[in-house]
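Scroll down for the structure; my scribbles are underneath it.
Any value given below was found using the heavy atoms of this structure, including those in side chains, with hydrogens, waters and symmetry copies removed. Chain letters run A, B, ... following the sequence lines, proteins first and then strands; every chain starts at 1. Given the structure is predicted, the values throughout are model-derived calculations rather than measurements.
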Amino acid sequence: MTRMFALVDCNNFYVSCERVFDPSLQDVPVVVLSNNDGCVIARSNEAKALGIRMGAPAFEHREIFEKHGVQVFSSNYSLYGDMSSRVMSSLNRIVPDMEVYSIDEAFLILDSLPQSPESFARDLREKILKWVGMPVSIGIGPTKTLAKIANRFAKKHLEHSGVLDLGSPGMRSTCLELTDVEDVWGIGRRYALLLKSYNVRNALQFSRQSRDWVQSRMTVEGVHILLELQGIPCHFLDRTPRPNKTIISSRSFGRCVETLQELQTALACYVTRAAQKLRHQGSVCSGVTVFVYTNRFRQDLPQHSPSGTANIMYPTDHTPTLIRHALNALEGIYRPGYSYKKAGVMLTRIEPRARKRPTFFQPGAGREKKEKKLMSAMDHINARWGRNTLQPAETLYAPGDWGIKREKLSPRYTTSWDELPVAS
DNA sequence: TCTGGGGTCCTAGGACCC
DNA sequence: TCTGGGGTCCTAGGACCC
């Protein structure tokens with residue numbers, strides 16, 4: 001028996017999260033905006049029908065928003081993260097063999113079911129709706145790529161049932177033929193352009209190309225897509241989340257900033273967040289890359305987007321050390337006279353803390369012990385009393401109004417006692 | 001006026017070594 | 001003036017994902 005993958009994907013995830021706690025949002029157009037209320041990153045079906053594009057700048061649609069009474073929200077990641085864990089743990093209760101693929105998607109292995117995969121998926125869908133209030137679509141296939149295609153098809157064309165099983169070849173070619181090559185998992189805009197120039201327009205046509213033809217144009221990853229479309233699995237279930245190999249923390253500013261002091265303060269904040277993530281996954285790092293960008297949409301202003309890397313002699317997870325290196329790197333790349341719109345930091349050469357080898361440059365054991373104690377105390381206090389209860393002094397150097405804008409934030413219904421929904 | 005953030009993998013090419 | 005060949009490691013950049 002071939003093993004079947006199911007892909008469960010939450011419908012319009014961020015919008016659905018907002019709807020769970022505010023039923024008046026049902027059946028009306030809703031959008032969720034990115035940080036700084038910049039771009040549209042989630043749309044209800046009603047908003048899609050109004051022609052609002054994914055990733056569109058919010059200001060371009062202000063008129064449509066007003067004219068059609070579109071409900072607009074700033075993104076509320078603590079709410080979405082919490083809703084995501086509820087969906088995932090519910091799925092896990094029913095199907096233990098699963099991979100959490102993203103905040104709103106999970107792959108499941110459907111093995112030895114007491115019923116047909118399709119009716120199992122329908123039940124599953126009903127349960128998630130009932131338990132969490134989250135509408136999902138489910139696609140089934142012998143490979144992850146086919147499950148993805150089935151899911152997309154179900155969401156688009158089978159809204160009522162929300163489930164499609166491509167397990168048997170019957171429907172498969174019809175469905176592949178109706179899937180634009182650009183909508184295949186792993187084929188993006190550039191490859192789609194290339195493929196279309198050879199008259200390969202849909203997934204079925206792509207699946208009939210030769211291995212060599214694909215390999216020479218799209219590397220080995222293209223070959224994996226090809227085989228997966230033919231029903232031969234190349235991607236398997238990744239059950240345990242692996243620690244990140246890079247950790248990025250970056251933000252656009254609410255306004256442009258010019259001074260070194262402001263950039264230093266912002267970067268110290270970003271390093272603080274990144275380092276906390278680093279410790280959370282039990283890692284240390286020895287590379288810190290800092291980058292700053294001017295506003296690329298203001299071509300009338302001088303552009304400058306430098307980056308700089310600091311190499312740390314011994315891997316560490318100590319926030320003050322990482323801040324020191326980041327600020328050194330910043331001084332190396334900063335040029336006055338530019339308006340900066342975005343800055344960020346990337347931690348690289350990450351390795352498990354346990355594997356850390358002693359090196360010649362390592363600080364004495366006593367110092368390392370103190371560093372560890374300090375970080376652990378800071379993490380505990382911030383976990384207990386809120387994220388910025390205790391923070392490095394550098395993050396307070398130039399406080400100001402450069403932070404992000406979130407003007408339409410919904411309450412943190414599920415993660416803050418002060419903002420619980422009230423039943424009246 | 002206003003345009004997000006955080007990841008992965010692959011490959012080519014340079015530096016360096018013998 | 002001639003100017004090998006092969007290996008490894010690292011990084012930047014390109015492509016993709018959500």
Side-chain angles (χ1 to χ4, degrees), chain A residues 7 9-10 12-14 31-42 53-63 65 72-77 80-81 84 99-107 144-145 148 151-152 181-195 215-225 234-235 238 241-256 270 273-274 277-278 281 286-287 289 291 293-301 305-309 311 339 341-350 403-408:
Chain A
L7 176 66
D9 187 333
C10 302
N12 314 327
F13 180 58
Y14 295 169
V31 299
V32 175
L33 305 181
S34 63
N35 272 337
N36 269 323
D37 296 340
C39 296
V40 174
I41 54 168
R53 290 183 344 274
M54 184 68 171
F59 70 87
E60 276 179 11
H61 284 310
R62 203 131 288 161
E63 274 177 33
F65 291 169
V72 180
F73 291 88
S74 302
S75 35
N76 184 345
Y77 288 107
Y80 310 151
S84 175
E99 168 188 346
V100 176
Y101 175 67
S102 73
I103 192 166
D104 68 334
E105 285 170 82
F107 285 105
K144 282 183 164 181
T145 305
K148 270 269 189 187
N151 184 291
R152 197 176 169 282
V181 76
E182 196 165 351
D183 297 324
V184 174
W185 192 36
I187 299 180
R189 243 188 54 234
R190 298 306 290 260
Y191 282 146
L193 273 176
L194 177 87
L195 291 168
Q215 163 87 53
S216 68
R217 289 165 180 81
M218 300 172 65
T219 82
V220 63
E221 286 185 298
V223 175
H224 290 159
I225 299 171
C234 299
H235 301 301
D238 204 351
R242 273 193 289 268
N244 291 336
K245 297 174 175 172
T246 59
I247 292 174
I248 296 174
S249 175
S250 72
R251 288 283 178 284
S252 295
F253 302 127
R255 61 164 171 83
C256 281
Y270 306 155
R273 294 208 53 192
K277 276 195 206 169
L278 183 72
Q281 69 168 34
S286 56
T289 297
F291 50 90
Y293 294 149
T294 49
N295 188 344
R296 68 198 160 100
F297 295 103
R298 291 291 302 273
Q299 289 297 323
D300 54 318
L301 297 177
S305 305
S307 69
T309 299
N311 297 311
S339 278
K341 180 61 179 167
K342 179 175 178 172
V345 63
M346 175 161 72
L347 305 182
T348 59
R349 291 200 300 250
I350 290 175
I404 60 169
K405 277 189 289 193
R406 295 207 290 180
E407 288 172 351
K408 302 182 170 162

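- Backbone-only engagement by A:Glu105 is indicated by non-hydrogen atom pairs under 4.0 Å involving sugar-phosphate atoms exclusively.
- Contact check, A:Asn36 against B:dG4: no side-chain N or O comes under 4.0 Å of OP1 or OP2.
- Salt bridge absent: A:Arg190 and A:Glu182 never bring a charged side-chain N and a carboxylate O closer than 4.0 Å.
- Of the candidate nucleotides B:dG7, C:dC18, B:dT3, B:dG7 has the atom nearest to the side chain of A:Thr246.
- A:Arg349 comes within contact range of the sugar-phosphate backbone alone, with a heavy-atom separation under 4.0 Å but no base atom that close.
- Spacing between atom CZ of A:Arg190 and atom P of C:dC17 amounts to 13 Å, rounded to whole angstrom units.
- Side-chain atoms of A:Asn36 and A:Arg251 form no donor-acceptor pair, as typed in the model, at a separation below 3.5 Å.
- Counting non-hydrogen atoms under 4.0 angstrom, A:Asp37 reaches nothing in the nucleic acid.
- When rounded to the nearest whole Å, the span between CD of A:Glu182 and P of C:dC16 equals 9 Å.
- Among the heavy atoms of the strands lying under 4.0 Å from A:Ser249 are primed sugar atoms or P, OP1, OP2 only; no base atom is included.
- Atom CD1 of A:Ile350 is separated from atom C1' of B:dG7 by 11 Å (rounded to the nearest Å).
- Comparing A:His224 and A:Ser250 against DNA chain B, the residue whose closest nucleotide sits nearer the 5' end is A:Ser250.
- B:dA12 and C:dT11 make up a base pair, with Watson-Crick or G-U wobble contacts both under 3.5 Å.
- C:dT11 atom P lies 15 Å from atom NZ of A:Lys245, rounded to whole Å.
- Residue A:Lys342 places at least one side-chain N or O closer than 4.0 Å to OP1 or OP2 of B:dG5.
- Counting non-hydrogen atoms under 4.0 angstrom, A:Ile103 reaches nothing in the nucleic acid.
- Atom CG in A:Leu195 sits about 13 Å away from atom C1' in C:dC16, given to the nearest Å.
- The distance between atom CZ of A:Arg242 and atom C1' of B:dT8, rounded to the nearest whole Å, is 10 Å.
- For the pair A:Ile225 CD1 and C:dA15 C1', the computed distance is 10 Å after rounding to whole Å.
- Remark on DNA chain B: of its neighbouring residues A:Tyr77 and A:Ile247, the 5'-side contact belongs to A:Tyr77, judged by nearest-heavy-atom nucleotide.
- For the pair A:Ala274 and A:Val345, the tightest heavy-atom approach, listed with the atom from each and the gap, is CB-CG1, 4.4 Å.
- As judged by a 4.0 angstrom heavy-atom cut-off over every strand, A:Ile187 is placed among residues touching the sugar-phosphate backbone only.
- Between A:His224 and A:Trp185, the gap from one ring centroid to the other reaches at least 6.0 Å.
- The cationic group of A:Lys144 lies under 6.0 Å from the six-membered ring centre of A:Phe107 and within 45° of the ring axis, placing it in a cation-pi geometry.
- Comparing B:dG4, C:dC17, B:dG6 by their nearest atom to the side chain of A:Asn35 picks out B:dG4.
- Looking at heavy-atom distances under 4.0 Å, A:Val100 makes no contact with the nucleic acid at all.
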